[in-house]
Participant: 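Structure provided below as structure tokens; questions to follow.
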Amino acid sequence: MILETAAIAIGSVIATKALEKTTEKVTETLLDKTSKFLVTLKKQSPHTVVAIEKAPEQPLDYGKALLEVESAAKANPEVAQAAQELVQAAKAEKNINFIQSLQQQADFLKSQQSSSVINYQKLADEIKNVFQGNTFNAPVTFN
């Protein structure tokens, strides 16, 4: 599993959770794949799931979460499969606010200054490139 897949999977969970608190809806497929990913990951890395579920209310150490999801996926093919399915559902999602949330998370990753092995700038650009073709490139403002 590459870090891009882990990042999109984590971002999808956070974006889906954020939209649940509004009247916005995402597709049932995305909701199902998000749940499946969390259940599967929880078997391998329960503390990572707890940390992801607390975001965005509590800051998430994205670097640590990315590495833990990647490690769990390498150790357990079920986790890798669930993450891939979630990423595919996220790529197919048409909800503008969901896509914007993922792009905002990518921007946040760009701003991270870390000495870890993760190149946040490159990772964020890869995430944004995945979703550029789905919608639009300009920011949207809601009044």
Side-chain angles (χ1 to χ4, degrees), residues 1-137 139-140 142:
M1 171 190 275
I2 58 174
L3 285 176
E4 176 187 344
T5 300
I8 294 171
I10 292 168
S12 296
V13 171
I14 295 169
T16 301
K17 184 178 166 208
L19 288 177
E20 285 177 349
K21 294 179 181 178
T22 69
T23 58
E24 293 286 326
K25 300 287 183 209
V26 293
T27 61
E28 281 298 314
T29 302
L30 183 60
L31 289 174
D32 292 343
K33 298 301 181 184
T34 299
S35 292
K36 180 181 176 187
F37 171 71
L38 289 173
V39 167
T40 307
L41 180 60
K42 193 171 203 167
K43 294 174 191 174
Q44 189 74 27
S45 184
H47 58 282
T48 303
V49 172
V50 169
I52 293 170
E53 288 179 332
K54 288 181 180 178
E57 289 83 23
Q58 290 186 6
L60 176 65
D61 181 342
Y62 274 92
K64 184 177 180 184
L66 286 170
L67 293 174
E68 288 177 0
V69 169
E70 184 180 48
S71 175
K74 286 178 180 177
N76 184 341
E78 265 188 79
V79 175
Q81 180 66 32
Q84 281 291 356
E85 290 174 5
L86 176 54
V87 168
Q88 291 306 313
K91 288 179 180 179
E93 182 60 44
K94 300 296 183 203
N95 183 307
I96 299 300
N97 290 331
F98 173 82
I99 295 166
Q100 282 184 319
S101 179
L102 282 176
Q103 290 176 340
Q104 288 170 348
Q105 290 176 54
D107 289 338
F108 175 77
L109 285 174
K110 276 186 183 181
S111 71
Q112 296 299 296
Q113 299 297 323
S114 175
S115 60
S116 76
V117 296
I118 299 172
N119 180 337
Y120 288 112
Q121 176 73 38
K122 184 176 181 221
L123 181 60
D125 288 341
E126 289 173 2
I127 294 167
K128 289 185 98 168
N129 287 339
V130 167
F131 291 95
Q132 291 296 324
N134 281 2
T135 57
F136 53 89
N137 293 326
V140 173
F142 295 95

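Counting begins at 1 with the first residue of the sequence.
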Participant: List in chain and number order the residues that pass side-chain contact (heavy atoms from CB on, under 4.5 Å) with Asp32, two or more places apart in sequence or in another chain; answer none if no residue qualifies.
Facilitator: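 Result, side-chain contact (heavy atoms from CB on, under 4.5 Å) vs Asp32: Glu28.
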Participant: Taking side chain as C-beta onward, heavy atoms only, is Glu20 less than 4.5 Å from Leu31?
Facilitator: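 A side-chain contact exists here, since the closest heavy-atom pair is under 4.5 Å.
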Participant: Among all residues two or more places apart in sequence or in another chain, which pass the salt bridge (charged side-chain N to carboxylate O under 4.0 Å, His left out) test with Lys42?
Facilitator: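 Residues passing salt bridge (charged side-chain N to carboxylate O under 4.0 Å, His left out) with Lys42: none at all.
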Participant: Would you compute the distance between atom CG of Asp61 and atom CD1 of Ile52 and round it to the nearest 0.5 angstrom?
Facilitator: 11.0 Å
Participant: If you compare all heavy atoms of Glu53 against all heavy atoms of Leu38, which two are closest, and at what distance to 0.1 Å?
Facilitator: OE2-CD1, 3.8 Å
Participant: Ignoring hydrogens, what is the shortest heavy-atom contact between Asn95 and Asn97? Give both atom names and the distance.
Facilitator: OD1-N, 2.8 Å
Participant: Roughly how far, to the nearest 0.5 Å, is CZ of Phe37 from CG of Leu30?
Facilitator: 12.0 Å
Participant: Of the non-hydrogen atoms in Ala9 and Val87, which two are nearest, and what is the gap between them?
Facilitator: N-CG2, 4.1 Å
Participant: Looking at side-chain heavy atoms only, is the closest gap between Glu70 and Leu67 below 4.5 Å?
Facilitator: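 They are in side-chain contact.
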Participant: Please enumerate all residues that pass side-chain contact (heavy atoms from CB on, under 4.5 Å) together with Ala51, with sequence neighbours excluded.
Facilitator: Leu60
Participant: Between Val13 and Leu86, is the side chain to side chain contact (heavy atoms under 4.5 Å, CB included) condition met? List the steps.
Facilitator: CA-CA 9 Å; Val13 171; Leu86 176 54; 4.1 Å; yes
Participant: By salt bridge (charged side-chain N to carboxylate O under 4.0 Å, His left out), which residues pair with Glu85, not counting sequence neighbours?
Facilitator: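 Residues passing salt bridge (charged side-chain N to carboxylate O under 4.0 Å, His left out) with Glu85: Lys33, Lys36.
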Participant: So, using side chain to side chain donor-acceptor pair (under 3.5 Å) as the criterion, who are the partners of Thr27 when residues are at least two apart?
Facilitator: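 Checked Thr27 against side chain to side chain donor-acceptor pair (under 3.5 Å); matches are Glu93.
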Participant: Which heavy atom in Leu41 sits nearest to a heavy atom in Ala72, and how many Å separate them?
Facilitator: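 For Leu41 and Ala72, the tightest heavy-atom pair comes out as CD1-CB, 3.7 Å.
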Participant: Does Thr48 have any side chain to side chain donor-acceptor pair (under 3.5 Å) partners at least two apart in sequence or in another chain, and if so, which?
Facilitator: Ser45, Glu68
Participant: Roughly how far, to the nearest 0.5 Å, is the CD atom of Gln88 from the CD1 atom of Ile8?
Facilitator: 9.0 Å
Participant: Considering non-hydrogen atoms only, spot the tightest contact between Ala55 and Ile14 and give its length.
Facilitator: CB-CD1, 3.8 Å
